[in-house]
Amino acid sequence: PPPKPSPPPAIKKPTNTIPALPKPIQTLPPPAVWNSTTPFELLSSTAQRCAVYQHEAELEASLGLNTDKYMPRKWINNKYAVEVHLREALRRSAWRVDSAAASDVIFIAANLSMWCSVGKLFGFRSVWKRMIEDEALWKGAAAGVPKVLAMQNGNCGAPWVSGHNGGRPPKFTFLVDERRHVIGRGHDVLGGSSPDVVLPYLISKPDWLVGVGKAPYPDVPWGKRKLLFFAGHIPKLYISRTRYLIWKQVRNDKKRVTTFSNTLRCTVGAYAECKQSKAQLDLRNASYFQTFCYRQCRHTALQVLTPRDCSMASSMSLRDAKTQFISKCASYRKSVNYSAEMTDMIRDTRRPNANAYAREGMRHRFCLVAPGETSSTHKIGEAMAFGGAGGCIPVFVIEEKHRPRRAESILPYTRWLDYCQVGYFVSRAAATTRMGEVLNGLARVSDAEAAEKLLKLKLVRDAFVFRHDSSVSSPSATEFIVGEVCSQTLAAGRAAKYESAVDMTDPSCWIADAP
């Protein structure tokens, strides 16, 4: 029989179906905070309460990792020990619930910053891998609940590597020192559906600085104080030149500025060896390049020096060590005049004890907060604590790439805290080239203006300091961090986000160069 004819092709009818559009993001105004008079009122006005479940799976113990063996001495007061304080605060928190099913957010108790700080990347990544494999976190009642993990030390990058150990899970918030692309493996966390939260570094000593008792020093009247306090670590110049260039300008202005560093002689002074000619370097052996910094660094080192302190590896060949030395020297040859500066480096390299250091912060009108090896720095919280105790008012050096819209990537609590109300800004360009102009601008700040900022600093100090006995009714930084997570998580759940409270377009906030 002849083959049957093929049926005619079906005619697709036009459809009026419109693809669903993404739900628009609602923008929420910053909370009003300046009507508060106590830390409890401040927390109540800035934070939305939520139900918090803390997942304590003892991840390290389940892997057989000996935390006590690797934990640095006095870790509890280390600037990266925020995870430890958060874990303890949540155990006693009035916001804590006993099950994941009843929670709005799940805090994961881990200690990634400690493993990163001691250089144990195996432990760092193993803890993450075990967390990802923990069914109690990702299945059942906990499956759809947003998760939060603190990782204050971001120097080790994302805990997953090249796709191993999983990627960044959905509805996952990191608590970090700085919002960086590395946490999201190319995903801009500033625009993510689960925005990461910037943590203050840990400030827990001395007791009077964190609100326990009064300062043991007489209060110096504002008009009799020295103008500017600038102290702390100065990075190697091939990492960052900002702090060195500031020191270089103010080092001899002793009437107005107090400046010292515990590392200057090592990170900058040691590289006076770069002055050698090529012929002189050709006569050096591999051991020289691995130990060239020892002569200057031994004056500031707290432990036995290794080639790592000279940015070298002990296994390097002579050729590789020499090539790396010459490469590092490029940043120093064009920036440092050792003939004029070496004596000042030796003079300004010192390490006062914690009480002596804090006393300096209380005897000055302003503290300069400049980025170090990263844009974020523990100097932010330190200066806020000094100001809250009646000491120096913070002056924040802002990198041009963060100005004016992205200061929130390095400053904590920008959802509700307008830093213009508690300090001043100066651009990196002005700080590294025109410090004389900056100092003159600071000298013109009136007593009345300073008093207003100090009053507001006193109100917000508890959001930047950590106490072991804090609670919702008597909060310190741990309660404000939990409040920040709750507020942002609840907002993200209803497709909303908060505007930044920082108004960096106000010319009165800037010293030397208003935007």
Side-chain angles (χ1 to χ4, degrees), residues 39 42 77 79 199-233 243 246 250 256-262 350-372 376-398 410-413 417-426 431 438-439 442-443 445 447 449-467 476-477 480 509 511:
L42 180 65
N77 293 318
K79 67 179 182 179
L199 294 175
Y201 285 87
L202 189 106
I203 304 291
S204 60
K205 293 287 184 179
D207 288 345
W208 60 265
L209 187 61
V210 300
V212 181
K214 294 183 178 180
Y217 318 115
D219 185 28
V220 180
W222 179 263
K224 294 184 178 180
R225 296 183 185 185
K226 209 168 180 179
L227 185 62
L228 185 68
F229 181 50
F230 176 59
H233 168 61
R243 291 186 182 177
I246 294 171
V250 303
R256 297 191 293 178
V257 183
T258 296
T259 181
F260 56 83
S261 169
N262 60 329
R350 54 191 174 96
R351 187 193 296 272
N353 62 42
N355 280 321
Y357 182 90
R359 184 176 186 179
E360 292 293 342
M362 300 297 291
R363 295 169 57 188
H364 290 73
R365 299 185 205 177
F366 301 98
C367 294
L368 191 65
V369 181
S376 183
T377 167
H378 75 283
K379 296 291 181 186
I380 294 170
E382 179 183 276
M384 295 294 289
F386 282 149
C392 53
I393 294 173
V395 179
F396 302 100
V397 178
I398 300 296
I410 60 171
L411 296 173
Y413 309 124
L417 178 55
D418 183 359
Y419 283 80
C420 291
Q421 301 294 317
V422 295
Y424 297 94
F425 294 109
V426 60
V438 173
L439 292 172
L442 292 174
V445 173
D447 291 7
E449 186 175 337
E452 184 178 352
K453 289 188 185 293
L454 288 170
L455 190 63
K456 291 177 177 177
L457 281 163
K458 182 179 180 179
L459 175 64
V460 304
R461 172 175 61 165
D462 288 277
F464 291 87
V465 299
F466 293 76
R467 293 189 298 271
S476 72
F480 281 93
C509 297
I511 300 294

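Residues Tyr357 and Asn262 fail the side-chain proximity criterion, which asks for heavy atoms closer than 4.5 Å. By the 4.5 Å heavy-atom criterion applied to side chains, Phe229 and Thr259 are not counted as neighbours. In this structure, the side chains of Pro394 and Leu457 come closer than 4.5 Å at one or more pairs of heavy atoms. Within the 4.5 Å cutoff, the side chain of Ser476 has no heavy atoms near those of the Val210 side chain. When side chains are defined from C-beta on, Thr377 counts as touching Val369, because their heavy atoms get closer than 4.5 Å. Looking only at side-chain heavy atoms (C-beta outward), Leu227 and Phe366 come within less than 4.5 Å of each other.
Around atom NZ of Lys453, more than 12 heavy atoms belonging to other residues, nucleotides or ligands sit under 6.0 Å away. Glu449 CD: more than 12 foreign heavy atoms inside a 6.0 Å radius.
How far CD1 of Ile246 is from CZ of Phe230: 4.5 Å, rounded to the nearest 0.5 Å. For the atom pair Leu442 CG and Ile511 CD1, the distance stands at 5.0 Å (nearest 0.5 Å). Taking OG of Ser261 as the reference point, atom CZ of Arg351 lies at 9.0 Å (rounded to 0.5 Å). The line from NZ of Lys379 to NZ of Lys79 is 9.0 Å long, rounded to the nearest 0.5 Å. Rounding to the nearest 0.5 Å gives a distance of 10.5 Å between CD1 of Ile380 and CD1 of Ile203. With values rounded to the nearest 0.5 angstrom, Cys392 atom SG is found 8.0 Å from Glu382 atom CD.
Across all their heavy atoms, Gly423 and Ile393 have their closest contact at CA-CG2, 3.9 Å. Across all non-hydrogen atoms, the minimal contact from Asn77 to Ser204 is OD1-OG, 2.7 Å. Asn355 and Pro206 get closest at one heavy-atom pair: OD1-CB, 3.7 Å. Closest approach of Pro371 to Val397, counting heavy atoms only: CD-O, 3.6 Å. Counting all heavy atoms, side chain and backbone alike, Ala463 lies closest to Pro200 at O-CG, 3.9 Å.
Arg363 meets the side chain to side chain contact (heavy atoms under 4.5 Å, CB included) test with Val220, Arg359, Glu360; sequence neighbours excluded. Scanning for ring pair (Phe, Tyr, Trp, His ring centres under 6.0 Å) contacts around Phe480 gives an empty result, with sequence neighbours left out. Legend: residues meeting ring pair (Phe, Tyr, Trp, His ring centres under 6.0 Å) with Tyr419, ordered by chain and number and at least two apart, are Phe396.
Aromatic ring centres of Phe464 and Tyr413 lie closer together than 6.0 Å. Between Phe386 and Trp208, the gap from one ring centroid to the other reaches at least 6.0 Å.
Using a 4.0 Å cut-off between charged side-chain N and carboxylate O, Asp219 and Arg225 make a salt bridge. For Arg467 and Asp462, the salt-bridge test passes: some basic side-chain N is under 4.0 Å from an acidic carboxylate O.
Arg461 places a side-chain N or O within donor-acceptor distance of the main-chain N or O of Leu209, the cut-off being under 3.5 Å. With hydrogens and angles disregarded, a donor-acceptor distance shorter than 3.5 Å links the side chain of Arg243 to the backbone of Ala370.
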Determine whether Leu228 and His364 satisfy the following criterion, side chain to side chain contact (heavy atoms under 4.5 Å, CB included), listing intermediate values before the conclusion. CA-CA 6 Å; Leu228 185 68; His364 290 73; 5.6 Å; no
I would like to know whether Met384 and Val460 meet side chain to side chain contact (heavy atoms under 4.5 Å, CB included); could you show each step before the answer? CA-CA 8 Å; Met384 295 294 289; Val460 304; 3.8 Å; yes
Go through the steps to decide whether Tyr424 and Cys509 satisfy the test side chain to side chain contact (heavy atoms under 4.5 Å, CB included), and finish with yes or no. CA-CA 5 Å; Tyr424 297 94; Cys509 297; 5.7 Å; no
